[in-house]
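Input: a single structure, listed below in structure tokens.
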Amino acid sequence: MENITFRIRRYDGTNTWVQEYRLPYEKGKTILWALTKIKDEIDPTLNFTSACRHAICGSCGVKVNGHAFLACKTSLDKLLETFDTSVLYFEPLGNYDVVRDLVVDWKPKMEKMKKIKPWLLPSREGSIEEGFRQSKQQFAKISSSTDCILCGICASECGQLAINDGGYLEPFIINKAYRFAVDSRDNAPEEHIRPVLENELWKCIHCMQCVSKCPKEIPLTDEIAYLRKETMKMGEVHNQGARHAYAFYHDVKKWGRLNEMTLPIKTDGMVTTLRKRIPFAYRMIVKGKINPLRLPKAVKGIKGVRKIYQQVEEESKS
Amino acid sequence: MRYAFFPGCTLESAAAELMISTKKVASALGIELIELEGWTCCGATHLQDVDEQLALAINARNIALAEQLNAPLLTVCNTCTLMLRTAKKTLDENLQLKEITNQRLSSANVEYQGTSEVTHLLWALIQDYGLENLRAKVKRPLKGLKVANFYGCHIIRPQEVLGFENHMNPRSMEMVVEALGAESVEFSQRLACCGFHAVFPAEKEVMRLTALNCLSPKKAGAHCIVTPCPLCQMQLDMYQPDAQKGCRDNITMPVLHLPQLIGLALGFEPEELAINRHIVDAIPVLRQHIGVI
Ligand code: SF4
Ligand code: SF4
Ligand code: FES
């Protein structure tokens, strides 16, 4: 390959257009190298952000061929190989308002972040003068979540944010809530967790985009599962998400399998199910997709499954 | 080729047509599927919200059952694949946790060793069976049929768990579809999520997504969607009439399971593959483009 073609979505505050640039191929370069070279040598009007060039500041997130990357960390060779092409299409991060070209507006996200109180609500075990001691094990709990560099890549790719009206929290905000909720120096985990619950925690669609794309490999979906579990421990079990999760929990314990017939009732309650799902159920029955008379039978070895349940439950109590 | 078969809950109920078509196709290809006796639900990404250790243990038990058969574990559901492979990776990489989990499993008289791989039919066809062999079995090349490959999340993401191919540009579906003689259509929602796992708490959003997921392949000129995941199939097919209500454009798109598409190429008629069970009738487009009865 002699040249790489960069097709960049431009925006000047009013108009949007796609502009094409071409650079001779050089081995071992990054996305940021290309953007800088275009700006320095071809078109000084091109706008993008970057500061540290070392995957620390989080300012250089950009979308290439439909996927978000950290520009300074991602090699062009990897992209050319992944997409098997010499044409790369650049866009600003998704799920953000665009300011200019590849520059996005962080302000609304930072405003939203305040909801989860992204700061320590300190315990009395330390003081400003003496500091707050943390054991290795206690630090281990926050070590991965504190790696977040606020690059916004998870938010760009989030499947729920793409279809949401604005209530759902960006994965990095959820991460921040988790980070303070599990910090041994924080005295009020509920104050970080409750806002996450109240801001549509159960609407995560499990698309795994955040966890796949995060350049810092933060296990965001595990954090979501943890926060959900904590809300249930706080007594928040009367919502669709919690009831849905518990339906699986109880069905597997009882039969080893899910009973799909009773799942809507367990999740939504009988009244809502009858009100909302009759036309749906009707078309399913007509097509033979569900049989309302089918009762699940317990699987072979169910006693063993229940013993596993018992053991795990006992361990978590002790 | 012999596999321990993990059907997953949906194949027993709302996606029974996938059970029918998978068995037909496997036997026509000479692939032996032995259904695991006593398998349990994988937890479908919900169980870990209550207790992740339990989700790990029950899937360790599922894999251990396959190990007793001395065979790789094969699924036809993306989410089952994700759950089982997550358990396997966790246990194989953490010997201490493996030991603790085995203590838990001992009350059920099973032991997880880590000897059985967990795979998906789509991967097995490419990796074990071979596309050339598949091509040789085609009796009715699906020439003229334009197919939108809807991968679904849990066969590609997260990459460290699924790992069969690059999650940003997978090609396995295209490879199989082309071996069957059909044409793959590129469309913007190809790697999108179907939203199935949040259809209760996020109904409004998921319906929006369903409409988008049908409209995108339609605009790209596809005759039908095909997916390797029964949950994606259910979301896009069963809920399509509901998604249509909130959308001005006509979003109608038939949605096939991957084994149904393979079955058509092997010469089966739609009814034999239970294609008549779908909510959105797929038979007219099949009649028009590949001349099924
Ligand atoms: S898994 Fe949930 S939080 Fe992560 S990107 Fe998908 S919808 Fe967003
Ligand atoms: S969680 Fe990961 S992807 Fe999201 S902002 Fe932080 S570093 Fe970036
Ligand atoms: S320039 Fe700072 S993270 Fe890329």
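Chain letters run A, B, ... following the sequence lines, proteins first, then strands; residues in each count from 1. The figures that follow rest on heavy atoms only: side chains count, while hydrogens, waters and symmetry mates do not. From a predicted model like this one, the values you see are computed outputs, not experimental measurements.
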> Counting heavy-atom pairs under 4.5 Å to chain B, which of A:Lys307, A:Arg283, A:Lys300, A:Gln311 comes out on top?
Replying inline: A:Arg283
>> Need one label for A:His67: side chain, backbone, both or neither, based on atoms under 4.5 Å from any heavy atom in chain B.
In response: side chain
> What's the shortest heavy-atom distance between B:Arg61 and A:Gly301, and which atoms?
Replying inline: NH2-O, 3.9 Å
>> Please classify the contact of A:Tyr226 with chain B as side chain, backbone, both or neither, using a heavy-atom distance under 4.5 Å.
In response: neither
> What residues of residues 195-202 of chain B sit under 4.5 Å from chain A when only non-hydrogen atoms are counted?
Replying inline: B:Gly195, B:His197, B:Ala198, B:Phe200, B:Pro201, B:Ala202
>> Is A:Gln310 close to chain B through its backbone or its side chain, or both, or neither, when contacts mean heavy atoms under 4.5 Å?
In response: neither
>> At a 4.5 Å cut-off on heavy atoms, which part of A:Lys213 comes close to chain B: side chain, backbone, both, or neither?
In response: side chain
> Under a 4.5 Å heavy-atom cutoff, which of B:Pro241, B:Ala192, B:Ala274, B:Ala44 has the most pairs with chain A?
Replying inline: B:Pro241
> Does B:Asp281 pair with A:Lys287 as a salt bridge, N-O distance under 4.0 Å?
Replying inline: no
>> Testing the basics here: between B:Leu47 and A:Tyr309, what is the closest heavy-atom pair and its distance to 0.1 Å?
In response: CD1-OH, 4.2 Å
> Measuring heavy-atom distances to chain A, does B:Thr10 have an atom under 4.5 Å in its side chain, in its backbone, in both, or in neither?
Replying inline: both
>> Show the nearest heavy-atom pair for residues A:Phe83 and B:Met168, with the distance to one decimal.
In response: CE2-O, 3.7 Å
> For chain B, which residues from residues 227-238 of chain A have at least one heavy atom closer than 4.5 Å to it?
Replying inline: A:Arg228, A:Lys229, A:Met232
> Which one, B:Leu54, B:Thr40, B:Asp51, B:Asn166, leads in non-hydrogen pairs under 4.5 Å with chain A?
Replying inline: B:Leu54
> Does A:Phe248 offer a backbone N or O that forms a donor-acceptor pair with the side chain of B:His46 under 3.5 Å?
Replying inline: no
> So which of B:His167, B:Glu17, B:Gln53, B:Glu12 has the biggest tally of heavy-atom pairs under 4.5 Å with chain A?
Replying inline: B:Glu12
> Do other residues, nucleotides or ligands put more than 12 heavy atoms under 6.0 Å from A:Glu217 CD?
Replying inline: no
>> I need the contact set between residues 157-165 of chain A and chain B: heavy-atom distance under 4.5 Å, sorted by residue number.
In response: A:Gln160, A:Ile163, A:Asn164, A:Asp165
>> Shorter than 4.5 Å, heavy atoms on both sides: which option in B:Leu65, B:Asp242, B:Asn109, B:Val110 has the most such pairs with chain A?
In response: B:Asp242
> Of the backbone (N, CA, C, O) and the side chain (C-beta and beyond), which part of A:Thr82 lies under 4.5 Å from a heavy atom of chain B, both, or neither?
Replying inline: both
> For the residue pair A:Leu258 and B:Cys9, what are the closest heavy atoms and their distance?
Replying inline: N-SG, 3.3 Å
> Does atom CD of B:Glu99 have more than 12 heavy-atom neighbours from other groups under 6.0 Å away?
Replying inline: no
>> Can you list everything that forms a salt bridge (charged side-chain N to carboxylate O under 4.0 Å, His left out) with A:Lys254? Sequence neighbours excluded, please.
In response: none
> For B:Asn78, is it the side chain, the backbone, both or neither that has a heavy atom under 4.5 Å from a heavy atom of chain A?
Replying inline: neither
>> At a heavy-atom distance under 4.5 Å, which candidate from B:Gly43, B:Gly8, B:Ala57 has the highest pair count against chain A?
In response: B:Gly43
> Minimum heavy-atom separation for A:Val305 to B:Ala108, with atom names?
Replying inline: N-CB, 4.5 Å
> With a 4.5 angstrom heavy-atom cut-off, which part of B:His278 approaches chain A: side chain, backbone, both or neither?
Replying inline: both
> Which atoms of B:Leu82 come close to chain A, meaning under 4.5 Å heavy atom to heavy atom: side chain ones, backbone ones, both, or neither?
Replying inline: side chain
> Relative to chain A, which segment of B:Ala16 carries a heavy atom at a distance below 4.5 Å: side chain, backbone, both, or neither?
Replying inline: neither
